[in-house]
Amino acid sequence: MAEAGTLAPAVVAWFARNARDLPWRRPDCTPWGVLVSEFMLQQTQVSRVVPAFEAWMRRWPTPAALAAEPASEAVRAWGGLGYPRRAMWLHRAAVEIVERHDGEVPADVDALLALRGIGPYTARAVAAFAFGLREPVVDTNTRRVIARAVRGHGEAGPPDARADLAAMADLLPHAASAAQSFNAGMMELGAVVCTARTPACDACPIASRCTWRAAGSPAYNGPRRRTQARFEGSDRQVRGIVMRELRAAHRPVTRDELAPAWADAAQLARAIDTLVADGLAAERADGLTLAE
DNA sequence: CTCCCGTCCA
DNA sequence: TGGACTGGAG
């Protein structure tokens with residue numbers, strides 16, 4: 001086991017010199033900006049999020065500004081970031097912030113968890129990065145760094161939220177500002193150095209303290225992550241195509257007009273039906289639109 | 001082709 | 001507790 005006290009200072013120092021300059025890390029970024037960035041980053045790579053984030057914050061600089069518009073505008077502005085339900089959730093969270101918190105993003109983890117679309121990761125990320133609170137923040141990158149450096153495993157294995165939060169809490173520096181840098185630094189380290197496939201151990205600030213490295217970087221033998229269903233030809237792909245058409249059309253679109261977009265008529269109908277059921281699309285007599 | 005990886009819900 | 005959800009990068 002790497003000693004808890006020795007890991008954090010090296011990560012904090014490395015992060016101070018190597019942190020990427022990202023818009024949501026700038027000092028003028030508001031708690032709302034941090035919240036928006038975390039929603040966008042939940043499933044989407046940094047490079048794709050940056051332009052969408054900048055445009056979003058120009059248009060909706062506060063929760064109240066977003067809450068004042070229909071959810072369909074949020075989904076349209078979400079564009080091709082993927083998982084458009086996140087745009088619905090973010091709009092819903094903005095409404096809840098206006099209703100319950102007088103338009104101010106709450107700092108309390110439990111209050112954040114009660115908002116739509118905010119789970120264990122995002123709640124702590126907002127508390128830590130927007131408000132400087134000393135909370136353990138654990139995403140998949142942090143899990144992998146802990147698995148390797150502390151536990152000596154090549155991969156993180158199946159998620160165990162309690163164990164992960166406890167492990168991160170043990171490593172967390174006492175000072176709030178150092179804790180904030182450590183939280184961000186562990187994620188950054190996992191994202192750019194201690195990557196899943198080909199970790200750059202030569203560039204790693206904690207290579208000398210890494211249990212996995214010390215053991216000769218053994219192959220992982222534990223339980224494997226479940227394999228992901230194929231995307232090509234999936235209902236997910238068809239849903240994405242339908243949503244792209246609805247975003248582009250600023251008027252109702254009939255099912256007949258959507259027919260050329262996908263050859264399998266039954267699958268197309270199923271995709272439309274589930275989008276309507278999920279509240280992402282709305283269907284009236286004159287056709288389909290993004291749900292208000 | 002494989003990997004990415006947080007939240008919600010059955 | 002594990003499957004569904006988008007679209008892009010390697």
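By convention in this document, chain letters (A, B, ...) are assigned in the order of the sequence lines, proteins followed by strands, and residues within each chain are numbered from 1. This one's a predicted model, so the numbers in the text were calculated from it and none came from an experiment.
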In this structure, how many angstroms lie between the [atom2] atom of [N] and the [atom1] atom of [X], rounded?
{"X": "A:M187", "N": "B:dG6", "atom1": "CE", "atom2": "P", "answer": "10 Å"}
{"X": "A:E232", "N": "B:dC1", "atom1": "CD", "atom2": "P", "answer": "8 Å"}
{"X": "A:D235", "N": "C:dA4", "atom1": "CG", "atom2": "C1'", "answer": "10 Å"}
{"X": "A:D160", "N": "C:dT1", "atom1": "CG", "atom2": "P", "answer": "10 Å"}
{"X": "A:Y83", "N": "C:dG3", "atom1": "OH", "atom2": "C1'", "answer": "11 Å"}
{"X": "A:L41", "N": "B:dC4", "atom1": "CG", "atom2": "P", "answer": "17 Å"}
{"X": "A:R86", "N": "B:dG6", "atom1": "CZ", "atom2": "C1'", "answer": "9 Å"}
{"X": "A:L90", "N": "B:dT7", "atom1": "CG", "atom2": "C1'", "answer": "14 Å"}

Using a cut-off of under 3.5 Å, enumerate the N/O to N/O pairs linking the protein to nucleotides 8-10 of chain C.
none

**Request:** Would you indicate, yes or no, if B:dC8 has its OP1 or OP2 atom less than 4.0 angstrom from a side-chain nitrogen or oxygen of A:R85?
**Result:** no
What's the spacing between [X] [atom1] and [Y] [atom2] if we round to 0.5 Å?
{"X": "A:E38", "Y": "A:I118", "atom1": "CD", "atom2": "CD1", "value": "9.5 Å"}
{"X": "A:L268", "Y": "A:D235", "atom1": "CG", "atom2": "CG", "value": "10.5 Å"}
{"X": "A:L35", "Y": "A:S37", "atom1": "CG", "atom2": "OG", "value": "8.0 Å"}

Quick check: does any side chain N or O of [X] sit under 3.5 Å from a backbone N or O of [Y], one acting as donor and the other as acceptor?
{"X": "A:T274", "Y": "A:A271", "value": "yes"}
{"X": "A:R213", "Y": "A:C201", "value": "no"}
{"X": "A:R144", "Y": "A:C194", "value": "yes"}
{"X": "A:R143", "Y": "A:D164", "value": "no"}
{"X": "A:R48", "Y": "A:G80", "value": "yes"}
{"X": "A:R209", "Y": "A:L7", "value": "no"}

**Message:** Ignoring hydrogens, what is the shortest heavy-atom contact between A:C29 and A:F53? Give both atom names and the distance.
**Reply:** SG-CZ, 4.3 Å
**Message:** I need the minimum non-hydrogen distance between A:R148 and A:P199, along with the two atoms involved.
**Reply:** NH1-CB, 3.7 Å
**Prompt:** When the P atoms of B:dC5 and C:dG10 are considered, how many whole Å apart are they?
**Reply:** 13 Å
**Message:** Does anything in residues 107-131 of chain A come within less than 4.0 Å of DNA chain C? Heavy atoms only, and list the residues if so.
**Reply:** none
**Asked** Nearest to the side chain of A:N141, which nucleotide is it out of C:dC5, B:dC5, B:dT7?
**Response** B:dC5
**Item:** Nucleotide of C:dG7, C:dC5, B:dC8 approaching A:W89 most closely (side-chain heavy atoms)
**Value:** B:dC8
**Request:** May I ask you to say what A:R239 touches in the nucleic acid, namely base, sugar-phosphate or nothing, with a heavy-atom cut-off under 4.0 Å?
**Result:** sugar-phosphate
**Complete:** Encoded 5' to 3' (Watson-Crick or G-U under 3.5 Å; [ ] crossing; | other strand), DNA chain C becomes |||||.||||
**Asked** Run the side-chain hydrogen bond (donor to acceptor under 3.5 Å, both in side chains) check on A:E69 and A:W60 step by step: do they pass?
**Response** CA-CA 10 Å; A:E69 294 210 40; A:W60 296 303; 3.0 Å; yes
